[in-house]
Amino acid sequence: MITLENQYLVVTVSEKGAELTSVKNKENQIEYLWQGDPSFWKRQAPVLFPFVGRLKNDQYEYNHKTYHMSQHGFARDYTFNVTHQSESEVALELTANEATKENYPFDFRLTLTYSLEKQTVRVAYQVENLNHQEKMYFSIGGHPGFNIPLTNETSFQDYYLSFLPKRSRTVIPLKGSYLDLENRTLGQTNTDIALRRALFDQDALIYETKNKNTFSIRSDKTPHGIAVSFENFPYVGIWSPAKQDAPLVCIEPWFGIADATDASGKLEEKMGIQLLEPNGQFNCHYDITIE
């Protein structure tokens, strides 16, 4: 386990999946990150790579060959190598190998960098295509879970979702595990949305996003809250386990998305897929700020 620290935060990261495992306020010791209670959700903040969401029939076709892949890809289950570490920053790396190529035939290098700046944890992704001749398709995204409520004096229903900028965004419903594109609507992200269990009865809330966005979880009964900021991520999911009293909410910025109900299964045609040219490099990041 790797510990990062600054004046405001104490953060831990696991080499397994390069996953955040703790984000604590140094002064009052409030734990903001979900701690992985398996009775609700065993993970904490997995990286979603090389796919986000579920593939139709858990498979895809590329170069006339069919590959199998579970929901959200495999990176979260591999041990990463630490390539750089300081008091307030760490970089972890996963490179393609024989095992990954059984399900994903590309020569990739995935680097996650966590860095602290005041009350913010920056989560940076770098994806590299190491092949000199072949293009590469991928998706990547975050899935950080947060403890809600954050204090003993508050309850889940005391919190609300807040959005910047305050404007309506397209929301894509799910039909089972897949996107129901025919029933896309405008979501009411031009105003705050009270947290209630029924929000997640049909699984995640999925929004189309562009430019700069900040999605926050706040309460009028405590000054403590969480803000997730990101730029040019095309999608974001908000999730809590359906029909359970789960004390967590995830805010998930994505470069990629689940298959639609009518997906062809061909990788090149997948909705939200990213393309890297030979020797290409992709970089993005999102920020978690505690309040």
Side-chain angles (χ1 to χ4, degrees), residues 8-14 19-48 72 76 114 116 119-123 141-164 166 169 171 174 187-189 191-207 209 213-230 233 235-254 286-291:
Y8 304 95
L9 296 169
V10 179
V11 170
T12 59
V13 179
S14 174
E19 185 172 6
L20 271 176
T21 56
S22 177
V23 178
K24 276 189 177 180
N25 183 312
K26 194 171 184 178
E27 180 180 1
N28 57 32
Q29 293 297 298
I30 290 177
E31 175 63 76
Y32 284 77
L33 198 74
W34 171 245
Q35 290 301 289
D37 180 348
S39 61
F40 296 111
W41 184 51
K42 69 178 181 179
R43 301 185 188 270
Q44 296 183 262
V47 56
L48 314 182
H72 295 324
R76 60 189 181 174
Y114 295 97
L116 310 186
Q119 292 167 289
T120 295
V121 183
R122 173 157 292 184
V123 183
H143 199 315
F146 303 106
N147 286 324
I148 302 296
L150 286 166
T151 68
N152 293 330
E153 298 75 31
T154 54
S155 66
F156 187 90
Q157 289 79 11
D158 289 332
Y159 291 79
Y160 57 88
L161 299 166
S162 187
F163 312 92
L164 287 177
K166 287 190 179 299
R169 295 167 176 83
V171 62
L174 289 164
Q188 300 303 309
T189 52
T191 187
D192 297 336
I193 299 176
L195 273 185
R196 59 189 192 280
R197 300 295 176 187
L199 280 177
F200 307 104
D201 280 354
Q202 304 302 319
D203 209 301
L205 307 174
I206 300 173
Y207 296 98
T209 52
N213 292 269
T214 298
F215 281 34
S216 303
I217 306 171
R218 293 197 169 93
S219 171
D220 293 333
K221 296 185 178 181
T222 175
H224 303 296
I226 295 146
V228 178
S229 302
F230 48 95
F233 280 71
Y235 310 101
V236 64
I238 303 175
W239 176 80
S240 187
K243 300 178 181 178
Q244 299 184 60
D245 288 329
L248 78 139
V249 175
C250 298
I251 300 177
E252 311 171 32
W254 298 335
Y286 69 90
D287 293 334
I288 300 169
T289 301
I290 69 167
E291 299 169 351

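In what follows, every heavy atom counts, from backbone to side chain, and hydrogens, waters and symmetry copies are set aside. Everything numeric in this text was worked out from a predicted model, so none of it was measured.
- With hydrogens and angles ignored, the 3.5 Å screen pairs a side-chain donor or acceptor of Q35 with a backbone N or O of L33.
- No side-chain heavy atom of I193 sits less than 4.5 Å from a side-chain heavy atom of Y160.
- In terms of modelled atom types and a separation under 3.5 Å, the side chain of Q157 and the main chain of L195 share no donor-acceptor contact.
- Distance check: I288 CD1 to I226 CD1 gives 8.5 Å after rounding to the nearest 0.5 Å.
- Remark: side-chain polar atoms of T214 are not paired, donor with acceptor, to backbone N or O of L164 under 3.5 angstrom.
- Within the 3.5 Å criterion, the main-chain N or O of I206 finds no donor-acceptor partner in the side chain of R169.
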Verdict with supporting geometry, R76 and R43, side-chain contact (heavy atoms from CB on, under 4.5 Å): CA-CA 9 Å; R76 60 189 181 174; R43 301 185 188 270; 3.5 Å; yes

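- A donor-acceptor pair under 3.5 Å is formed between the side chain of Y159 and the backbone N or O of L150.
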Audit row: E153, K221, side-chain contact (heavy atoms from CB on, under 4.5 Å) steps and yes/no: CA-CA 8 Å; E153 298 75 31; K221 296 185 178 181; over 6 Å; no

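- Between the CZ atom of F200 and the NZ atom of K243 there is a distance of 14.0 Å, given to the nearest 0.5 Å.
- How far CG of L161 is from OG1 of T189: 10.5 Å, rounded to the nearest 0.5 Å.
- V236 is not listed as a side-chain neighbour of N213, based on a closest heavy-atom distance of 4.5 Å or more.
- Separating the CD1 atom in I238 from the CG atom in L199 is a distance of 8.5 Å, to the nearest 0.5 Å.
- For the 3.5 Å distance criterion, the side chains of S39 and D37 qualify, holding a donor opposite an acceptor.
- For Q29, the CD atom sits in a packed shell: over 12 heavy atoms of surrounding residues, nucleotides or ligands are nearer than 6.0 Å.
- The ring pair (Phe, Tyr, Trp, His ring centres under 6.0 Å) test with W239 is passed by exactly one of W41, W34, F215: W41.
- A distance of 7.5 Å separates CD1 in I148 from CZ in F156, rounded to the nearest 0.5 Å.
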Verdict with supporting geometry, V228 and F146, side-chain contact (heavy atoms from CB on, under 4.5 Å): CA-CA 11 Å; V228 178; F146 303 106; 3.9 Å; yes

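- Heavy atoms from other residues, nucleotides or ligands lying under 6.0 Å from CD of Q202 number 12 at most.
- The closest donor-acceptor contact from the side chain of T209 to the backbone of F233 lies under 3.5 Å.
- Smallest separation of non-hydrogen atoms from S22 and E31: OG-OE1, 2.5 Å.
- T21 approaches S14 most closely through the heavy-atom pair CG2-CB, 3.9 Å.
- Between I290 and Y8 the shortest side-chain heavy-atom distance does not fall below 4.5 Å.
- Formation of a donor-acceptor pair under 3.5 Å by the S162 side chain with backbone atoms of S216 is not found in this model.
- Judged by distance alone, the side chain of H143 and the main-chain N or O of A45 form no donor-acceptor pair under 3.5 Å.
- Side chain of Q119 to main chain of T289: no donor-acceptor pair is present (N/O by atom type, distance under 3.5 Å, no hydrogens or angles).
- Using a 4.5 Å heavy-atom cutoff, the side chains of H224 and N28 are in contact.
- A distance of 9.0 Å separates OG1 of T191 from CZ of F163, quoted to the nearest 0.5 Å.
- Side-chain atoms of D158 do not come within 3.5 Å of backbone N or O of P149 as any donor-acceptor pair.
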Derivation and outcome, side-chain contact (heavy atoms from CB on, under 4.5 Å), residues L20 and Q44: CA-CA 7 Å; L20 271 176; Q44 296 183 262; over 6 Å; no

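- G225 and Y32 make their closest contact through O-CE2, 3.4 Å (heavy atoms, listed as atom of the first residue, atom of the second, distance).
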